[in-house]
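Note sheet for the following structure.
Quick caveat: nothing in here was measured; it's all calculated off a predicted structure.
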Amino acid sequence: ITLEEGDELGWARLTSGQDDVIMVTAGGYAKRTKETDFRPMGRAAKGVSGIRLEKDDRLTAVEVVIPKGFLLVMTDKGYGKRMDLSEFRNMGRTARGVAAIDLKALNAVGKIASARVVEKGDQITLISNAGIMLRVDADEVKKSGRVSRGVRVMNLDKGDRVASIGRISDSKKE
């Protein structure tokens with residue numbers, strides 16, 4: 001892939017060729033798109049735009065949609081929530097997306113640090129900048145609508161932030 005100065009490759013996901021993907025921004029937007037909307041390109045290509053970013057916004061997650069799954073978002077201040085993936089309709093490649101959190105509450109709850117598509121029985125691991133780790137059942141993170149602010153999932157010391165989250169799939173399904 002050819003990257004412009006300042007850009008970096010953040011994710012690679014295995015797909016079937018017919019999946020939907022969901023992209024989430026730090027500024028609180030999420031967009032679901034069919035992967036067939038992205039045409040195949042050569043190794044040296046720059047690619048095409050997947051989501052329109054506002055100034056000072058950045059992409060924080062790209063996930064493959066799982067039928068009957070949930071989008072779990074975590075803010076950098078430790079707030080999180082789960083939403084039905086059915087709340088996100090498919091949109092064209094260059095759309096901004098729809099709110100995935102209460103945009104008016106971003107100062108209080110923080111920007112979205114990361115997001116994962118989870119299923120019933122999964123667990124998530126939260127990691128803070130200070131190296132604190134917390135493992136939580138994804139089902140225990142409150143399920144709510146797209147424009148709610150979420151609930152406190154991880155208590156953080158002053159100045160600490162959620163750095164990333166990982167999904168641990170229910171072993172019975174694997």
Side-chain angles (χ1 to χ4, degrees), residues 1-76 79-107 109-119 122 124-127 129 138 141 144-150 161-169:
I1 187 169
T2 300
L3 298 174
E4 293 189 21
E5 189 173 330
D7 284 349
E8 63 184 54
L9 178 63
W11 304 271
R13 298 282 188 260
L14 187 62
T15 65
S16 69
Q18 300 297 316
D19 290 318
D20 285 359
V21 294
I22 192 158
M23 294 166 262
V24 182
T25 72
Y29 289 92
K31 191 185 82 157
R32 182 174 176 163
T33 302
K34 293 181 180 302
E35 74 171 293
T36 54
D37 287 351
F38 301 94
R39 66 185 182 280
M41 296 181 174
R43 257 190 358 237
K46 288 185 180 180
V48 294
S49 177
I51 187 169
R52 189 178 75 224
L53 295 172
E54 299 295 315
K55 186 177 180 182
D56 300 325
D57 201 0
R58 64 184 175 79
L59 200 59
T60 60
V62 176
E63 290 286 301
V64 178
V65 171
I66 299 171
K68 297 183 183 175
F70 303 91
L71 179 65
L72 186 145
V73 297
M74 281 297 304
T75 70
D76 57 8
Y79 287 78
K81 65 178 184 166
R82 283 182 307 132
M83 299 161 279
D84 285 321
L85 284 165
S86 61
E87 289 195 56
F88 300 91
R89 62 179 169 77
N90 279 315
M91 303 174 129
R93 280 189 304 107
T94 58
R96 179 173 69 176
V98 295
I101 197 162
D102 181 357
L103 299 174
K104 294 177 184 172
L106 286 179
N107 286 335
V109 299
K111 291 188 172 195
I112 295 178
S114 192
R116 293 288 177 267
V117 169
V118 296
E119 297 178 271
D122 287 351
I124 56 166
T125 301
L126 308 171
I127 304 169
N129 287 336
V141 177
S144 57
R146 280 190 309 104
V147 293
S148 67
R149 63 189 292 162
R161 299 274 190 222
V162 171
S164 88
I165 64 174
R167 173 186 176 219
I168 303 164
S169 182

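For the atom pair CD1 of Ile101 and OG1 of Thr75, the computed distance is 5.5 Å after rounding to the nearest 0.5 Å. Here NZ of Lys104 is found 13.0 Å from CZ of Arg149. Values are rounded to the nearest 0.5 Å. To the nearest 0.5 Å, the span separating CD1 on Ile66 from CD1 on Ile22 amounts to 11.5 Å. Here the CD1 atom belonging to Ile51 is positioned 8.0 Å from the CG atom belonging to Asp57, to the nearest 0.5 angstrom. How far OG of Ser49 is from CZ of Phe38: 8.0 Å, rounded to the nearest 0.5 Å. With values rounded to the nearest 0.5 angstrom, Asp102 atom CG is found 7.5 Å from Ser148 atom OG.
Shortest non-hydrogen contact noted between Leu9 and Trp11 is CD1-O, 3.5 Å. In plain terms, the two heavy atoms of Leu3 and Glu8 that are nearest each other are CD1-CA, 3.9 Å. The shortest heavy-atom contact between Lys34 and Asn90 is NZ-ND2, 3.5 Å. Between Ala163 and Asn129, the closest heavy-atom pair is CB-OD1, 3.1 Å. Contact detail for Ala138 and Leu72: the closest heavy-atom pair is CB-CD1, 4.2 Å. Of all non-hydrogen atoms in Ala30 and Leu71, the two that sit nearest each other are CB-CD2, 4.4 Å.
Formation of a donor-acceptor pair under 3.5 Å by the Arg82 side chain with backbone atoms of Val141 is found in this model. In this structure, the side chain of Arg146 engages the main chain of Ala99 through a donor-acceptor pair within 3.5 Å. Judged by distance alone, with hydrogens and angles left aside, the side-chain atoms of Glu35 form a donor-acceptor pair with the main-chain N or O of Gln18 at under 3.5 Å. Using a distance-only test at 3.5 Å, with no hydrogens or angles considered, a donor-acceptor pair links the side chain of Asp76 to the main chain of Lys111. Between the side chain of Lys68 and the main chain of Glu119, no donor-acceptor pair closer than 3.5 Å is present. Between the side chain of Lys31 and the backbone N or O of Arg52 there is no donor-acceptor pair closer than 3.5 Å. The main-chain N or O of Ser164 is never found under 3.5 Å from a side-chain atom of Ser114 such that the two would form a donor-acceptor pair. With Asp20 contributing its side chain and Val65 its backbone, the two residues share no donor-acceptor pair below 3.5 Å. The closest donor-acceptor contact from the side chain of Arg32 to the backbone of Leu85 lies under 3.5 Å.
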- Going through the checks in order, is the side-chain contact (heavy atoms from CB on, under 4.5 Å) test met by Met74 and Leu126? CA-CA 9 Å; Met74 281 297 304; Leu126 308 171; 3.7 Å; yes

- Might you work through the side-chain contact (heavy atoms from CB on, under 4.5 Å) test for Met83 and Val73, ending with a clear yes or no? CA-CA 8 Å; Met83 299 161 279; Val73 297; 3.8 Å; yes

- Task: Start with the C-alpha gap between Arg39 and Val48, add the side-chain angles, then the distance that decides, and say whether side-chain contact (heavy atoms from CB on, under 4.5 Å) holds.
- Result: CA-CA 9 Å; Arg39 66 185 182 280; Val48 294; 3.5 Å; yes

- Message: Applying side-chain contact (heavy atoms from CB on, under 4.5 Å) to Tyr29 and Leu103, what does each step give before you reach the verdict?
- Response: CA-CA 9 Å; Tyr29 289 92; Leu103 299 174; 3.3 Å; yes

- Task: I would like to know whether Glu63 and Arg116 meet salt bridge (Lys or Arg N to Asp or Glu O under 4.0 Å); could you show each step before the answer?
- Result: CA-CA 6 Å; Glu63 290 286 301; Arg116 293 288 177 267; 3.7 Å; yes

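Partners of Asp56 under the side chain to side chain contact (heavy atoms under 4.5 Å, CB included) rule, at least two apart in sequence or in another chain, do not exist in this structure. Arg89 pairs by the side chain to side chain contact (heavy atoms under 4.5 Å, CB included) definition with Met91, not counting sequence neighbours. For Arg58, the side chain to side chain contact (heavy atoms under 4.5 Å, CB included) partners at least two apart in sequence or on another chain are Ala26, Thr60.
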